[in-house]
Amino acid sequence: GRVQQACSLEASPAQEAQEAVDSIFNPADTRQRTVLVVEDNEINAQIASELLSQARLAVRVASNGMAAVDEVRAGGVDLVIMDVQMPVMDGLEATKRIRELGYSPESLPILAMTAHADAASRLDGKNVGMNDYLTKPVDPTALYAALERWLPGGLEYNPLVQGAEPELQHAYESGDREL
């Protein structure tokens with residue numbers, strides 16, 4: 001019985017070969033890029049998280065601006081998608097504080113994500129250091145285009161272009177959900 005257990009734990013030659021190939025093409029020291037979604041509405045946060053995950057990005061979520069500042073301080077965030085109107089601390093104040101910590105728009109892009117599409121709201125975001133503006137409900141095409149533009153190194157995998165239609169796209173097209 002013990003010999004059989006030991007054998008079952010060993011990798012087959014095919015598994016070992018696959019692991020060797022994977023280590024060449026996917027080095028262990030490469031860090032998955034991380035997007036922080038700052039959104040107080042759980043459904044909106046879930047939808048944004050799923051769209052980002054489909055683009056093969058790591059996702060962290062904060063429910064208000066104060067939590068977002070703490071997440072950025074903790075490190076490892078490559079881009080922030082920031083709701084503007086939230087309890088505790090709104091997205092404009094959070095962006096201002098993140099910029100005061102020394103994160104420039106080039107080193108940490110922050111994209112507003114809000115239902116307000118007017119020019120004054122856009123200007124408010126720009127004045128505190130937001131890089132770009134996405135309106136709710138978010139169009140996956142617009143989201144992935146913004147990620148391609150602002151994510152350091154661009155978007156490595158776009159599910160709309162590379163064949164894996166997002167499962168949630170129908171929710172946006174039908175208008176059933178707000179994001």
Side-chain angles (χ1 to χ4, degrees), residues 31-161 166 168-169 171-172 175 177-179:
R31 182 180 69 84
Q32 187 177 19
R33 291 174 305 152
T34 301
V35 176
L36 174 62
V37 174
V38 187
E39 172 64 65
D40 63 314
N41 180 295
E42 286 183 36
I43 293 171
N44 290 347
Q46 179 182 355
I47 292 169
S49 296
E50 289 183 24
L51 287 170
L52 294 166
S53 293
Q54 289 173 7
R56 299 181 181 164
L57 298 166
V59 180
R60 289 166 38 189
V61 177
S63 62
N64 62 64
M66 188 173 294
V69 173
D70 291 341
E71 286 289 329
V72 168
R73 266 194 199 114
V77 175
D78 298 294
L79 183 138
V80 178
I81 296 177
M82 180 83 71
D83 187 15
V84 175
Q85 294 184 327
M86 295 176 288
V88 183
M89 180 188 294
D90 69 29
L92 297 175
E93 181 63 26
T95 299
K96 190 171 132 184
R97 291 192 185 187
I98 289 168
R99 297 300 182 221
E100 288 170 354
L101 290 172
Y103 293 95
S104 70
E106 297 77 29
S107 68
L108 182 62
I110 299 176
L111 311 180
M113 185 172 66
T114 182
H116 300 287
D118 60 282
S121 295
R122 289 179 184 265
L123 185 59
D124 289 343
K126 185 175 182 179
N127 287 338
V128 296
M130 290 183 165
N131 295 66
D132 208 343
Y133 202 90
L134 296 167
T135 56
K136 294 179 189 179
V138 169
D139 171 20
T141 303
L143 173 64
Y144 295 140
L147 291 169
E148 178 62 41
R149 179 175 182 197
W150 295 109
L151 191 64
L155 189 60
E156 292 176 13
Y157 180 80
N158 182 333
L160 296 179
V161 173
L168 298 177
Q169 186 167 2
Y172 296 104
R177 299 199 183 198
E178 179 193 63
L179 178 64

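Bear in mind the structure is a predicted one, so any value in this text is a computation, not a measurement.
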Can you check whether Gly154's main-chain N or O pairs, donor with acceptor, with Arg33's side chain at less than 3.5 Å? yes
If the condition is side-chain contact (heavy atoms from CB on, under 4.5 Å), which residues does [X] pass it with, not counting sequence neighbours?
X: Arg73; value: Val69, Asp70, Leu101
X: Glu100; value: Lys96, Arg97
X: Ala142; value: Leu134, Asp139
X: Thr34; value: Arg31, Ala58, Arg60, Asp78

Does the side chain of [Y] come within less than 4.5 Å of [X]'s, by heavy atoms?
X: Leu143; Y: Ile81; value: yes
X: Leu57; Y: Leu147; value: yes
X: Thr114; Y: Ser121; value: no

How would you list, by chain and number, every residue that makes a side-chain hydrogen bond (donor to acceptor under 3.5 Å, both in side chains) with [X], sequence neighbours excluded?
X: Asp40; value: none
X: Ser104; value: Glu106, Ser107
X: Arg99; value: Asn131
X: Gln85; value: His116

Holding to salt bridge (charged side-chain N to carboxylate O under 4.0 Å, His left out), I want the full list of residues that pass it with Glu148, two or more places apart in sequence or in another chain. none
If you look only at distance, which donor and acceptor atoms sit under 3.5 Å apart when one is on a side chain in residues 122-130 and the other is two or more places apart or in another chain?
residue	atom	partner	partner atom	Å
Asn127	ND2	Leu123	O	3.3

Minimal heavy-atom distance between Ala94 and Met82, with the atoms involved, is CB-CE, 3.8 Å
Using only heavy-atom distances, determine whether the side chains of Gln46 and Glu50 contain a donor-acceptor pair under 3.5 Å. yes
